[in-house]
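Lettering follows sequence order; numbering is per chain, from 1.
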Amino acid sequence: MAVFFQQIINGLSLGSIYALIALGYTMVYGIIQLINFAHGDIMMAGAYIAFFVVVYLKLNIWWAFIISMIGSALLGVIIERVAYKPLRNATRLAPLITAIGMSLFLENGGLMVLGTDIRSYPGGLITNAQLPLTLFGIRLTATTLQLLILAITIVMMIILQYIVHYTRAGKAMRAVSYDADAARLMGINVDNTISLTFALGSAFAAVAGILLGLYYNNIQPLMGIMPGLKAFVAAVIGGIGLIPGAMVGGFALGIFETMVSGYWSSNLRDPIVFLLLILILLVKPAGLLGKNNTEKV
Amino acid sequence: MLLKVENLDVYYGAIHALKGISLEVKEGEIVTLIGANGAGKSTTLNTICGLLRPQSGRITFQGQALNGLPAPAIVKLGISQVPEGRRIFPNLTVKENLELGAYLRRDREGISRSMRDVFRRFPRLEERQKQMAGTLSGGEQQMLAIGRALMSRPKLMLLDEPSMGLAPLLVQEIFNIIKEINQQGTTILLVEQNANMALSVAHRGYVLETGRITLQGKAAELAANAAVKKAYLGG
Ligand SMILES: Nc1ncnc2c1ncn2[C@@H]1O[C@H](COP(=O)(O)OP(=O)(O)OP(=O)(O)O)[C@@H](O)[C@H]1O
Ligand SMILES: [Mg+2]
């Protein structure tokens with residue numbers, strides 16, 4: 001039982017990070033039906049921006065979050081305008097292949113500019129203490145970092161829900177994702193709304209990148225690949241295009257992964273995650289929260 | 001002249017959908033555009049709204065050229081469309097749909113006044129304002145689409161087959177509402193396959209056949225025209 005509860009705690013941290021990344025995948029998919037394969041690499045860029053802010057500008061971690069979110073949002077918007085927007089009326093395959101190309105470009109560009117060194121955030125950036133915890137008489141440990149990850153994720157999700165449901169821009173996003181031409185007839189600028197979606201998703205990825213860098217205590221130019229893929233799986237498991245689906249899928253995947261590692265072996269973790277994806281898609285093709293209408297891609 | 005369309009040519013790829021059509025709408029009028037399936041009625045409305053780009057021709061609204069303007073700019077000038085098939089946002093609430101109709105307006109006071117006007121006109125929408133729009137009946141969805149278009153306070157409202165798929169009683173109700181909206185000062189360009197009904201509320205009409213205007217005139221004259229009777233009025 002101790003393993004079980006301990007792995008829930010660990011899974012919630014990992015799941016938070018997956019959920020934050022998955023939100024970006026799902027929002028972009030919701031609005032232009034594109035799997036933005038470069039999304040994990042935007043997360044990497046976010047982790048590096050924060051690194052430079054704390055190391056060279058010597059600002060604290062909160063400034064690093066803010067500047068990295070802004071920088072990543074800009075990067076996301078530039079990628080969308082340069083690489084995806086010109087293909088808006090092309091076949092569905094064209095932007096998908098472009099996204100894969102963009103991902104490779106960011107990864108290799110990252111390796112070229114940043115080198116292959118693994119770096120880590122300076123110590124003492126956040127206080128990371130062990131918190132002893134007793135649950136049903138079982139002694140467990142959580143760290144303040146784990147609590148911070150969970151807290152930041154929950155706050156970000158509340159902010160996102162607020163934006164999507166209660167602001168003018170959020171309503172425009174939902175309208176465009178449902179019917180772009182009808183949205184135009186309302187006077188909505190569809191291009192700007194799509195850009196805003198990329199900006200939001202990328203800012204969320206930046207937060208995830210920093211949290212991941214803190215959690216594993218390292219950042220490197222290829223750090224976006226595996227978590228990006230996993231978060232994509234999380235988004236699909238939850239129901240791609242659905243914001244609550246990304247949240248549920250992220251947490252579910254994080255907990256599932258840590259359970260497999262805890263009870264079985266970490267070597268089996270990744271194969272089992274992808275097996276799970278296949279099984280879920282066989283049973284519920286539209287994802288856990290999705291309605292089963294025929295999806296494209 | 002409120003709206004003037006001159007020699008409009010519109011293509012979908014190689015398909016020549018509108019072949020040099022011209023039409024006019026005067027302030028205060030209800031003008032109807034009737035024609036069979038595929039004649040080009042929706043294409044005409046969508047080109048006026050800026051969703052489609054004409055190959056050639058001119059569209060002017062209150063003397064200003066609309067050619068090349070994006071759809072939002074055209075909404076801002078005072079044209080709104082109730083599109084074919086309603087195209088409401090089913091995943092948004094009734095109230096949110098109406099708010100989106102007022103997307104370009106910033107006068108909160110005025111927006112709530114317009115919302116109250118819409119609710120007075122369509123009490124059913126007020127009762128269901130918190131409901132997802134997708135759960136409304138067909139007739140209610142049509143009312144929502146009309147209400148949403150009214151929220152931008154248009155000078156010219158384009159309606160694309162508002163009677164489609166509705167029971168006869170509801171069709172009558174929708175046409176009464178269109179007449180009422182017109183009497184309260186909104187000019188209307190009405191596309192219909194239900195030529196009978198359309199000609200009964202309109203002042204003037206145009207007949208569109210495979211991308212060309214083949215007949216035009218006062219609504220009563222068109223309704224009495226033998227060719228129109230044969231083709232569109234069931235005898
Ligand atoms: N997106 C499109 N791509 C290619 N051709 C199109 C497209 N939309 C319409 N068309 C063609 O253009 C012509 C005019 O279509 P349009 O929709 O304007 O007709 P309509 O008069 O509104 O017909 P209906 O009464 O069925 O709504 C038709 O031949 C149609 O097949
Ligand atoms: Mg049509």
> Please state whether the side chain, the backbone, both or neither of B:Leu51 comes within less than 4.5 Å of a heavy atom of chain A.
side chain
> More than 12 heavy atoms of other residues, nucleotides or ligands under 6.0 Å from NZ of B:Lys19: yes or no?
yes
> Restricting to non-hydrogen atoms, name the atom on A:Gly187 and the atom on B:Pro72 that form the minimum distance, rounded to 0.1 Å.
O-CB, 3.3 Å
> If you draw the axis of the six-membered ring of B:Phe89, does the NZ or CZ of A:Arg174 fall within 45° of it and under 6.0 Å from the ring centre?
no
> Below 4.5 Å, heavy-atom pairs only: which of B:Ala73, B:Pro90, B:Ala102 has the largest tally toward chain A?
B:Pro90
> In Å, rounded to the nearest 0.5 Å, how long is the span from CG of A:Leu185 to OG of B:Ser80?
8.5 Å
> How far does CG of B:Asn46 sit from CZ of A:Arg184, to the nearest 0.5 angstrom?
11.0 Å
> Is the count of non-hydrogen atoms from other residues, nucleotides or ligands lying under 6.0 Å from B:Arg108 atom CZ greater than 12?
no
> Heavy atoms only, distances under 4.5 angstrom: which of B:Ile88, B:Ile79, B:Leu104, B:Asn97 has the most pairs with chain A? Name it, please.
B:Leu104
> A quick test of your reading: do over 12 heavy atoms of other residues, nucleotides or ligands sit less than 6.0 Å from CD of B:Glu109?
no
> Could you check whether any side-chain heavy atom of B:Arg148 comes within less than 4.5 Å of a side-chain heavy atom of A:Met186, counting everything from C-beta outward?
yes
> Mark yes when over 12 heavy atoms from residues, nucleotides or ligands other than B:Phe119 sit less than 6.0 Å from its CZ; otherwise mark no.
yes
> Would you say CD of B:Glu180 has more than 12 non-hydrogen atoms from neighbouring residues, nucleotides or ligands within 6.0 angstrom?
yes
> Which atoms form the tightest heavy-atom contact between A:Ala175 and B:Leu100, and what is the distance?
CB-CD1, 3.6 Å
> Among A:Val190, A:Asp179, A:Asn189, which has the most heavy-atom pairs under 4.5 Å with chain B?
A:Asp179
> Just checking A:Tyr166: does its OH atom have more than 12 heavy atoms from other residues, nucleotides or ligands closer to it than 6.0 angstrom?
no
